[in-house]
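Each residue takes its place number in the sequence, starting with 1. Computed from a prediction, not measured in an experiment: that's the story for all the values here.
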Amino acid sequence: MISSPGGISPSLKTELYNPTANRGSVPVRTTFQHRMERLPFKPEGYNFWTWRGHKIHYVVQGEGPAIVLIHGFGASVFHWRYNIPELAKTHKVYALDLLGFGWSDKAIIEYDAMVWRDQVVDFMKEIVKQPAVLVGNSLGGFTALVSAVGLPEQVCGVVLLNSAGQFGDVNKLADQPEETSFQKLILKPLKDFFQRIFLGVLFWQTKQPARIISVLKSVYINSENVDDYLVESISRPAADPNAREVYYRLMTRFMFNQSKYTLNSVLDELRSPLLLLWGELDPWVGPAKANRIRELYPNTTLVNLKAGHCPHDEVPELVNSALMDWLSTLQLPHPSLPTL
């Protein structure tokens, strides 16, 4: 059991941290949230690493056992703005932009979950260079899982915040019939043509600040943190010349083919302790998914939070506290101190 965060009044703990208390009410956070330290927004970015010829953006702060933060679809390292400074007080915190997102290159490639797995695995080997806990939200959550499976010797634990990923039977894919010549030569090109037109219009709408605000407010139960900082961190990367093509490829190649990799199969291979920090009021990924993950993977700690899809930005003080409580139960190796 993870203890309640310290320094918060009992009534506020009940309202924000108890998944069964006052269900349906909107938590009120008006003063202490604004006192939290925030990662400074830098339009030029922080640090860059070259991976497979592509520029990858990342942030690193603090000293101690390592934590790697992985953002969700359409976000960036700046989505961890309230987590990085606090966690860096006791840990060495890394946050990276996945290829195609944020300040990383908008590479014109065939996107697949394994591309981001390979990116994170190589980031761990070349930049982190020590055992670490992987923390991911949404798309970043599934990326953290497959990365932990891909590098078990360096991953000490995994934390999921309203993770992406589907349950299912990967073996069913083998039963799908092959495309006919008519489908390949006629139907598929027509489908691609109309998809490109439709998604081009959708991308233009999606990158508008008003639309970004609307989407964020639909998944933030308390929209207090939907501010200019957050909107700019999402809209600025969308102005990249390749962003539209990347969006098209993500929506047609990746989003429509997620069933290729299932949570069932990944959890079967996972060997690390798992923490679920779940915004139970998420309109996209509800608490049933967290409960199902815990059923499939017994070495799981579940903390329900009265938040939406992005609890790390909506209730960061609770996420930071719960994460630190859980980290204290792990035997995380400290990096060796340099000799003088």
- Taking Ser163 for its side chain and Phe142 for its backbone only, find out whether a donor-acceptor pair lies under 3.5 Å. yes
- Do you know the tightest heavy-atom contact between Gly165 and Lys289? O-NZ, 2.5 Å
- Message: Here's one to test your reading of the geometry: is the NZ or CZ of Lys125 within 45 degrees of the ring axis of Phe123 and under 6.0 Å from its centre?
- Response: no
- Nearest heavy-atom contact between Val93 and Ala88 is CG2-N, 3.6 Å
- Task: Keeping the roles fixed (side chain from Thr252, backbone from Tyr248), state whether a donor-acceptor pair exists under 3.5 Å.
- Result: yes
- Query: Ser76 and Ser233: which non-hydrogen atoms are nearest, and at how many Å?
  - Reply: OG-O, 4.0 Å
- Message: If you define the side chain from C-beta out and look only at heavy atoms, does anything of Tyr58 sit under 4.5 Å from Leu69?
- Response: no
- Query: Are the side chains of Leu275 and Leu277 in touch, meaning some heavy atoms are under 4.5 Å apart?
  - Reply: yes
- Message: Using a 3.5 Å distance criterion without hydrogens, assess whether the side chain of Trp103 forms a donor-acceptor pair with backbone atoms of Pro43.
- Response: yes
- Message: So which atom in Leu98 and which in Ile70 form the shortest heavy-atom distance, rounded to 0.1 Å?
- Response: CD2-CG2, 3.8 Å
- Query: What's the verdict on salt bridge (charged side-chain N to carboxylate O under 4.0 Å, His left out) for Arg81 and Asp227, showing C-alpha distance, side-chain angles and the deciding distance?
  - Reply: CA-CA 12 Å; Arg81 53 187 172 163; Asp227 54 17; 2.9 Å; yes
- Query: Checking Trp278 side chain against Gly286 main chain: does a donor-acceptor pair fall under 3.5 Å?
  - Reply: yes
- Message: Quick one: does any side-chain atom of His71 pair with a main-chain N or O of Asp97 as donor and acceptor, under 3.5 Å?
- Response: no
- Message: Treating Ser321 as the side-chain partner and Leu318 as the backbone partner, does any N or O pair qualify as donor plus acceptor under 3.5 Å?
- Response: no
- Message: Would you say Ser138 and His309 are linked by a side-chain donor-acceptor pair, where the criterion is simply a distance under 3.5 Å?
- Response: yes
- Trace of the salt bridge (charged side-chain N to carboxylate O under 4.0 Å, His left out) decision for Asp112 with Arg249: CA-CA 10 Å; Asp112 183 276; Arg249 290 173 181 240; over 6 Å; no
- Item | Tyr297 side chain to Asp268 side chain, donor-acceptor N/O pair below 3.5 angstrom | no
- Message: Using side-chain heavy atoms (C-beta onward) and a distance below 4.5 Å, is Trp116 in contact with Leu99?
- Response: yes
- Query: What heavy-atom pair brings Ser147 and Val155 nearest, and what distance separates the two atoms?
  - Reply: O-CG2, 4.4 Å
- Is there a donor-acceptor pair closer than 3.5 Å between any side-chain N or O of Asp105 and the backbone N or O of Lys55? yes
- Task: Return the set of residues passing side-chain contact (heavy atoms from CB on, under 4.5 Å) with Ile213 (not counting sequence neighbours), or none when no residue passes.
- Result: Lys217, Val226, Val231
- Among Asp118, Leu96, Ile127, find the residue that satisfies the side-chain contact (heavy atoms from CB on, under 4.5 Å) test when tested with Trp51. Asp118
- Message: Looking at every non-hydrogen atom in both residues, tell me the closest pair between Gly308 and Asn162 and how far apart they are.
- Response: O-ND2, 3.7 Å
- Query: Any sub-3.5 Å donor-acceptor pair from Asn242's side-chain atoms to Ala107's backbone N or O?
  - Reply: no
- Query: Do Asp313 and Asn225 have a side chain donor and acceptor closer than 3.5 Å?
  - Reply: no
- Task: Compare all side-chain heavy atoms of Phe48 with those of Thr50 and state whether any distance is below 4.5 angstrom.
- Result: no
- Describe, in one word, how the ring planes of Tyr229 and Phe78 are oriented to each other, choosing from parallel (under 30°), tilted (30 to 60°) and perpendicular (over 60°). perpendicular
- Answer yes or no: is there a side-chain heavy-atom contact under 4.5 Å between Trp49 and Gln119? yes
- Message: Side chains of Tyr82 and Asn320: any donor to acceptor distance under 3.5 Å?
- Response: no
- Take Ile221 and Glu314 through the side-chain contact (heavy atoms from CB on, under 4.5 Å) test and state the conclusion after the steps. CA-CA 8 Å; Ile221 301 306; Glu314 189 177 344; 3.2 Å; yes
- Item | Heavy-atom donor-acceptor pair, Glu86 side chain to Glu37 backbone, under 3.5 Å | no
- Output field: ring centroids Phe73/Phe101 closer than 6.0 Å: yes
- Item | Side-chain (Ser214) to main-chain (Arg211) donor-acceptor, under 3.5 angstrom | no
